[in-house]
**Student:** 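Pasting a structure below so you can have a look.
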Amino acid sequence: MRWLVIGDVGAWCRYHVGDEAMTQQTVSLVRRACPSAQIAVVSGDPTLTGDLLKVEGVPRLGFDGLDEDARATLLEDLSRDDRDAPPAFGWLSEPEDGLIIAGGGNLNSAWPAHIFERLALVRRARDRQLPVIVTGQTIGPGLTDTDRARVGEILGAACWVGVRETHSLALARDLGVPWEKLSYQCDDAAYLSWEGRDRLSPGADWIAVTLHALVDPDGDDPLLDDLAASLQAIVDATGCGMVFIPHAPADKVVGARWSDEEMGHAIASRMADGGMTVRPLATASDTAALTAEAAFVISSRYHPIVFGLAAGVPCFALWSDEYTRIKLEGALSHYDRARDACSLDELAGLPLERRVLLLWRRRRGVRSALQSAGREVAAAEAQRRAGLVQMLKTRHVRAVPRPKYLQDHLADALLRADAAATVRAGAVSRRHDAELAYFREAGEAAADYARNLAQHLSVAQADAAEALRQHEAAVAHHRRAEAAATEYIESLKHHLMLAQAGAAANNEAG
């Protein structure tokens, strides 16, 4: 077997800990499943990636730096002409080949080159009937209409689609991904810090801090002074030292004008001597291991939260926009800790030190809760990996693993997704979903029912008969309460009877 892996990796000058960590873990999983398999990784620096991951590095496809029209032209050229195909295409040529899109958050219109590059590889694999596996994605939230179609094509070609948040789960469903292909998972790199070591015990006496360059580190933005004052107050109140752990350098290509390390030095210089030590950028493995040894994590970046939670470390996250909110709250939600986050704007009302110290004082209980939730997350991750190992070995998925705790996270996602596509039992159609949305809007009682339907009909095909019984009981209740619902109920029963024959799709999902 040969597997081509694509992640956003390559070049020390653009080394991003989180992206490297996810790709590293993907390669590790392939090796575990298929020790004799050949692996290539698409990279901005094939030599560096080859040395770091002990794989064959192949160059990227050339979409970076092009405008929309040029990217579209290159995509069509790659689809038509095999004579000057890039080296990556050579890894998608034989019946034993396959494509893996490693975890990440770049299926987003903010990074169109990544969408085009993945689509080009997916089309190559699909045309040759090769398996495509997608793991650990944040999808969107920013997608233009044309990029929605492209991302839908990428996900539609996959036999396995992993998503990291219920928001991404709902968006994947809206893009037409069948429920049976979807895997709800923690981040691909969550357990990187555990490799080759025992699970860490509490007792560390320092706090890990990671902040990307929220403002110009060399400027005089008041946020720098505010953050420094808050972090100094936390040091004074806890008696713990702080270690600033950078995750990314400056990267003009993606608009990161300053590095994390520059941000760290700017804040540390405004604190008392020794209040915070700033470390240099390190490898993904070293960064994950170091973060796992902290007593507490404060971060505006995603992967410090991921690494900390997996090790049972209390974390507080700061988000700066809708994209980072979805990612950070998504990581915390796996451990039922989404409340341990706030936006930068919210700090004006309640300073960072007050929020962190409230959590710090309850850290022992939080650790206990994280360990309890973590056992369920770890069990689900082991189940997911076992399913992927089977897929990699046999190139066939019997069933995508479904973690038990997913049901507790799905209510909001199911309300955004269409119920017919989510409940794959053949008893509910898209037409029924549209009518249910109308009924829900008719009164508060109907809205309560719809939420109950989303919560209790979550995913299981085996529960379809029971779901239909509950639906009929609820409709009977509403008939007594509102005579006007009679006509709707008769129509609903009619459409439920026609569901298995395949009602026409209705995009007016509730």
**Student:** Return yes if a side-chain donor-acceptor contact under 3.5 Å exists between T283 and E20, otherwise no.
**Tutor:**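 Checked: T283/E20 side chains show no N/O donor-acceptor pair below 3.5 Å.
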**Student:** Measure across Y191 and C186 and return the closest heavy-atom pair with its distance rounded to 0.1 Å.
**Tutor:** CE1-SG, 4.0 Å
**Student:** Determine, step by step, whether R123 and E76 satisfy the salt bridge (charged side-chain N to carboxylate O under 4.0 Å, His left out) criterion, reporting the C-alpha distance in whole Å, the side-chain angles of both residues, the deciding distance to 0.1 Å, and the verdict.
**Tutor:** CA-CA 10 Å; R123 286 181 175 177; E76 292 305 315; 3.6 Å; yes
**Student:** Quick one, L347 and D226 - any side-chain contact, counting heavy atoms below 4.5 Å?
**Tutor:**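 Side-chain contact under 4.5 Å: no.
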**Student:** Minimum heavy-atom separation for I139 and S168, please, with both atom names.
**Tutor:**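 Shortest heavy-atom contact: N-OG, 3.0 Å.
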**Student:** Write down the atom of A288, the atom of F307, and the distance for their closest heavy-atom approach.
**Tutor:** CA-CD1, 3.6 Å
**Student:** Under a 4.5 Å cut-off applied to non-hydrogen side-chain atoms, are V41 and I6 in contact?
**Tutor:** no
**Student:** Do R164 and T138 meet the criterion of a side-chain donor-acceptor pair at a distance under 3.5 Å?
**Tutor:**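 Per modelled atom types, R164 and T138 side chains form a pair under 3.5 Å.
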**Student:** Quick one: do W360 and V366 satisfy side chain to side chain contact (heavy atoms under 4.5 Å, CB included)? Show the steps, please.
**Tutor:** CA-CA 9 Å; W360 173 265; V366 174; over 6 Å; no
**Student:** Side chains of S299 and T210: donor-acceptor distance under 3.5 Å anywhere?
**Tutor:**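 Judged by distance alone, the side chains do not pair up.
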**Student:** Does the side chain of H114 come under 3.5 Å of the side chain of R60 through a donor N or O and an acceptor N or O?
**Tutor:**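 Indeed, the side chains of H114 and R60 share at least one donor-acceptor pair under 3.5 Å.
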**Student:** For the CG atom of L171 and the CG atom of L175, what is their distance to the nearest 0.5 Å?
**Tutor:** 4.5 Å
**Student:** Under the criterion side chain to side chain contact (heavy atoms under 4.5 Å, CB included), I'd like the reasoning laid out for H212 against R301: C-alpha separation, chi angles, the key distance, then a yes or no.
**Tutor:** CA-CA 7 Å; H212 68 285; R301 283 203 179 274; 3.5 Å; yes
**Student:** Quick check for you: to the nearest 0.5 Å, what is the distance between R384 atom CZ and D188 atom CG?
**Tutor:** 5.0 Å
**Student:** Kindly determine whether I267 and L211 satisfy side chain to side chain contact (heavy atoms under 4.5 Å, CB included), including the steps that lead there.
**Tutor:** CA-CA 10 Å; I267 295 174; L211 299 170; 3.5 Å; yes
**Student:** If you define the side chain from C-beta out and look only at heavy atoms, does anything of K54 sit under 4.5 Å from I39?
**Tutor:** no
**Student:** At their closest point, which heavy atom of L224 faces which heavy atom of A266, and how far apart are they?
**Tutor:**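 Shortest heavy-atom contact: CD2-CB, 4.3 Å.
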**Student:** Using the rule side chain to side chain contact (heavy atoms under 4.5 Å, CB included), only one of V58, I101, I100, D97 pairs with L4; which is it?
**Tutor:**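 For L4, the side chain to side chain contact (heavy atoms under 4.5 Å, CB included) check succeeds only for V58.
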**Student:** Any donor-acceptor pair under 3.5 Å linking the side-chain atoms of Q371 with those of S368?
**Tutor:** no
**Student:** Evaluate E68 against R150 for salt bridge (charged side-chain N to carboxylate O under 4.0 Å, His left out), listing each step before the verdict.
**Tutor:** CA-CA 13 Å; E68 177 76 7; R150 291 167 185 141; 2.9 Å; yes
**Student:** State whether the side chain of N106 and the backbone N or O of W111 hold a donor-acceptor pair below 3.5 Å, judged by distance alone.
**Tutor:** no
**Student:** Before accepting this row, confirm whether a basic side-chain N of the pair E165/K327 lies closer than 4.0 Å to the acidic partner's carboxylate O.
**Tutor:**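 Answer for the salt bridge query: no.
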**Student:** Any side-chain to backbone donor/acceptor pair from Y335 onto V377? Under 3.5 Å, distance only.
**Tutor:**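 No; judged by distance alone, with no hydrogens or angles, the pair does not exist.
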**Student:** Answer whether the closest heavy-atom distance between the side chains of S183 and W160 falls below 4.5 Å.
**Tutor:**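 Sidechains of W160 and S183: in contact.
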**Student:** Can a donor-acceptor pair be found between the side chains of D8 and H16 at a distance below 3.5 Å?
**Tutor:** no
**Student:** Has E96 got a side-chain atom pairing as donor or acceptor with R2's backbone, closer than 3.5 angstrom?
**Tutor:**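 Judged by distance alone, no pair lies under 3.5 Å.
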**Student:** Set out, in order, the CA-CA distance, both residues' side-chain angles and the distance that settles ring-ring contact (aromatic ring centres under 6.0 Å, His included) for Y184 and W179, then state yes or no.
**Tutor:** CA-CA 10 Å; Y184 177 67; W179 178 253; 9.1 Å; no
**Student:** Please round to the nearest 0.5 Å and tell me the distance separating atom SG of C159 and atom CD1 of I133.
**Tutor:**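 So the gap between those two atoms works out to 5.0 Å.
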**Student:** Just by distance, do the side chain of T166 and the backbone of L169 share a donor-acceptor pair under 3.5 Å?
**Tutor:**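 Answer holds: no.
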**Student:** Working to the nearest 0.5 Å, report the span between CG of L388 and NZ of K393.
**Tutor:** 12.5 Å
**Student:** For E346, does its backbone N or O pair with a side-chain atom of S343 as donor and acceptor, under 3.5 Å?
**Tutor:**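 The answer is yes, because a donor-acceptor pair under 3.5 Å joins these two groups.
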**Student:** Is R339 paired with E329 through a side-chain N to carboxylate O contact shorter than 4.0 Å?
**Tutor:**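 Answer for the salt bridge query: no.
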**Student:** In Å, rounded to the nearest 0.5 Å, how long is the span from CD1 of I154 to CZ of F116?
**Tutor:** 9.5 Å
**Student:** Do S93 and R124 pair up side chain to side chain, a donor and an acceptor below 3.5 Å, judged on atom types alone?
**Tutor:** yes
**Student:** Would you say the side chain of V42 lies within less than 4.5 Å of the side chain of E117, judging by non-hydrogen atoms?
**Tutor:** yes
**Student:** When you compare the side chain of C342 with that of R355, does any pair of heavy atoms fall below 4.5 Å?
**Tutor:**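 Yes, their side chains come closer than 4.5 Å.
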**Student:** Check whether any side-chain N or O of D205 sits under 3.5 Å from a backbone N or O of C240 as a donor-acceptor pair, and report yes or no.
**Tutor:**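 Flag not set: sc D205 to bb C240 has no pair under 3.5 Å.
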**Student:** Would you find a donor on one side and an acceptor on the other, under 3.5 Å apart, between the side chain of Q137 and the backbone of T135?
**Tutor:**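 Yes; at least one donor-acceptor contact below 3.5 Å.
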**Student:** Taking the side chain as everything from C-beta on, heavy atoms only, tell me whether V297 gets closer than 4.5 Å to F316.
**Tutor:** no
**Student:** Dump the intermediate steps for side chain to side chain contact (heavy atoms under 4.5 Å, CB included) on V5 and V55, then the final yes or no.
**Tutor:** CA-CA 10 Å; V5 177; V55 296; over 6 Å; no
**Student:** T287 pairs by side chain to side chain contact (heavy atoms under 4.5 Å, CB included) with which of L281, I245, L192?
**Tutor:** I245
**Student:** May I ask you to say whether R337 pairs ionically with D340, meaning some side-chain N is under 4.0 Å from a carboxylate O?
**Tutor:** yes
**Student:** Taking it one step at a time, do R128 and E94 satisfy salt bridge (charged side-chain N to carboxylate O under 4.0 Å, His left out)?
**Tutor:** CA-CA 8 Å; R128 284 154 179 76; E94 304 299 329; over 6 Å; no
**Student:** Would you say the side-chain atoms of T73 pair up with the backbone N or O of D69, donor to acceptor, closer than 3.5 Å?
**Tutor:** yes
**Student:** Mind checking whether V151 and L143 have side chains closer than 4.5 Å, heavy atoms only?
**Tutor:**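 Side-chain contact under 4.5 Å: yes.
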